[in-house]
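Got a structure for you, written out below as structure tokens; questions coming shortly.
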Amino acid sequence: MAAILPLALVAAALFAALVTPAATPILGLDHSQFARAATGAAIGLWLILFGIRRAGPSAIARAVGGALFWASAMVVLTGVYTYRFELADVADRMLAELSPEPAQIGGGGEVIVKRRLGGEFVIPARVNEANVAFLFDTGASSVVLRAEDAAKAGVKTAALSYDVDVTTANGAAMAAEARVERIEVGPIALRNVRVLVAKPGALNESLLGMTFLERLKSYTVEGGRLILRGK
């Protein structure tokens with residue numbers, strides 16, 4: 001029962017630190033001073049409850065062990081607070097990996113895609129009437145479609161000549177030149193887009209390269225999110 005009081009103190013201190021802006025003092029202390037004060041208070045409370053109340057070597061040993069535990073807990077909680085934004089970003093990536101979300105549409109019509117756990121951006125799109133998932137790849141000079149995705153989009157892949165060397169972030173591949181009627185990413189729609197169709201088996205995923213990206217108003221990466229803005 002007595003252990004609940006130090007735990008409640010630590011939880012209250014963490015909550016106060018989370019809800020208070022970093023530049024705003026807490027009880028007249030900056031956040032690092034407040035964390036140290038809360039740690040000392042939790043340790044002191046534990047010692048009072050277990051050390052003074054129960055004199056004797058075994059009780060003192062338990063009190064010291066408990067004090068070390070609470071000090072360690074406060075260090076961990078302080079670390080969680082310090083790196084809360086980074087941890088939140090990792091959590092978002094894990095959720096996106098386990099349960100992929102559709103791209104979000106901002107108030108200005110921009111398309112927002114969260115970074116996946118592996119670090120890449122996967123962009124849901126439509127090529128003609130086919131749904132295609134693209135990897136965002138500024139290293140690809142062109143939109144590069146897997147042969148399977150190109151066939152779904154109505155490109156006659158059997159008639160293509162795979163004689164173009166392609167260098168992407170995934171490495172080198174052989175591809176064929178083609179054009180598609182349109183590519184849509186959310187409300188952003190481009191028509192008559194030059195693409196390359198990779199030789200069957202050459203790519204695991206289609207790539208959203210520069211023949212699409214250079215026709216946008218802008219594309220930026222901000223805080224683990226890719227933001228695409230159409231003209």
Side-chain angles (χ1 to χ4, degrees), residues 18 21-23 31 79-128 130-146 148-150 152-153 164-173 175 177-198 202-231:
L18 289 173
H31 283 219
V80 170
Y81 168 75
T82 302
Y83 295 100
R84 62 195 183 281
F85 299 118
E86 291 83 353
L87 292 172
D89 183 49
V90 171
D92 285 344
R93 291 193 204 177
M94 292 180 66
L95 289 174
E97 192 78 19
L98 295 172
S99 181
E101 298 179 3
Q104 299 175 352
I105 310 301
E110 66 273 19
V111 177
I112 304 169
V113 180
K114 291 184 179 180
R115 191 190 300 272
R116 299 287 293 275
L117 187 61
E120 71 277 4
F121 293 101
V122 178
I123 303 169
R126 286 182 66 82
V127 179
N128 295 339
N131 293 323
V132 176
F134 284 100
L135 281 183
F136 173 70
D137 189 354
T138 57
S141 60
S142 174
V143 172
V144 185
L145 291 170
R146 297 188 311 147
E148 297 86 346
D149 289 335
K152 286 194 304 181
V164 179
D165 292 320
V166 180
T167 301
T168 73
N170 288 0
E177 293 183 341
R179 284 187 178 269
V180 295
E181 181 181 344
R182 70 184 183 279
I183 297 178
E184 301 172 62
V185 178
I188 301 172
L190 300 183
R191 293 188 173 276
N192 190 29
V193 182
R194 182 173 63 85
V195 303
L196 293 174
V197 178
L203 287 181
N204 293 325
E205 294 174 280
S206 294
L207 309 175
L208 197 65
M210 294 308 297
T211 51
F212 181 91
L213 298 174
E214 67 188 4
R215 292 173 62 178
L216 301 176
K217 180 179 180 180
S218 67
Y219 56 91
T220 57
V221 176
E222 302 175 6
R225 302 183 307 161
L226 170 65
I227 302 174
L228 307 175
R229 295 181 174 89
K231 292 182 178 179

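Side chains included, hydrogens not; waters and symmetry mates left out as well; all remaining heavy atoms used.
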### Task
Nearest 0.5 Å please: distance from the CD1 atom of I188 over to the CZ atom of R215.
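So the gap between those two atoms works out to 12.0 Å.
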### Query
Side chains of T138 and Y219: does their closest heavy-atom pair fall under 4.5 Å?
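With C-beta onward as the side chain, the pair touches.
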### Task
Enumerate the residue pairs fulfilling salt bridge (Lys or Arg N to Asp or Glu O under 4.0 Å) with a member in residues 222-231, sequence neighbours excluded, ordered by first and then second residue.
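Matches after skipping sequence neighbours: none remain.
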### Task
Could you tell me which residues satisfy side-chain hydrogen bond (donor to acceptor under 3.5 Å, both in side chains) with E184, sequence neighbours excluded, listed by chain and number?
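Here the qualifying residues are R182.
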#### Entry: Side chain proximity check, S141 to T211, heavy atoms < 4.5 angstrom
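The answer is no; the side chains never approach within 4.5 Å.
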#### Entry: L145 side, atom CG; L203 side, atom CG - distance, nearest 0.5 Å
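Output value for this atom pair is 9.5 Å.
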### Message
Quick check on side-chain contact (heavy atoms from CB on, under 4.5 Å): which of V143, N192, V132, V195 does V180 satisfy it with?
### Response
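Running side-chain contact (heavy atoms from CB on, under 4.5 Å) over V143, N192, V132, V195 with V180 returns exactly one hit, V195.
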### Query
Would you say I105 and I112 make side-chain contact, with heavy atoms under 4.5 Å?
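They are not in contact (no side-chain heavy atoms under 4.5 Å apart), so the answer is no.
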### Query
Would you say D149 and V127 make side-chain contact, with heavy atoms under 4.5 Å?
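D149 does not reach V127 side chain to side chain.
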### Task
Using atom types as modelled and distance alone, determine if a side-chain donor or acceptor of E148 lies under 3.5 Å from a backbone N or O of R146.
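Looks like no, no N/O pair under 3.5 Å.
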### Query
Just how far is it from atom CG of L135 to atom CZ of F121, taken to the nearest 0.5 Å?
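Atom-to-atom, L135:CG and F121:CZ are 11.5 Å apart.
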### Task
Could you grab the distance from atom CD of E181 to atom CG of L190, nearest 0.5 Å is fine?
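The distance works out to 13.0 Å.
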### More than 12 heavy atoms of other groups within 6.0 Å of R194 CZ
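No, CZ of R194 has 12 or fewer neighbouring heavy atoms, counting only those of other groups under 6.0 Å.
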### Task
Please report the closest heavy-atom contact between N128 and A153, naming both atoms and the distance.
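For N128 versus A153, the nearest heavy atoms are ND2-O, 2.8 Å.
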#### Entry: Under-4.0 Å salt bridge between R115 and E120
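So R115 does not pair with E120 through a salt bridge.
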### Task
Identify, with sequence neighbours excluded, every residue that meets side-chain hydrogen bond (donor to acceptor under 3.5 Å, both in side chains) alongside N131.
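Checked N131 against side-chain hydrogen bond (donor to acceptor under 3.5 Å, both in side chains); matches are R126.
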### Query
What distance separates L196 CG from S206 OG, expressed to the nearest 0.5 Å?
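With rounding to 0.5 Å, CG (L196) is 11.5 Å from OG (S206).
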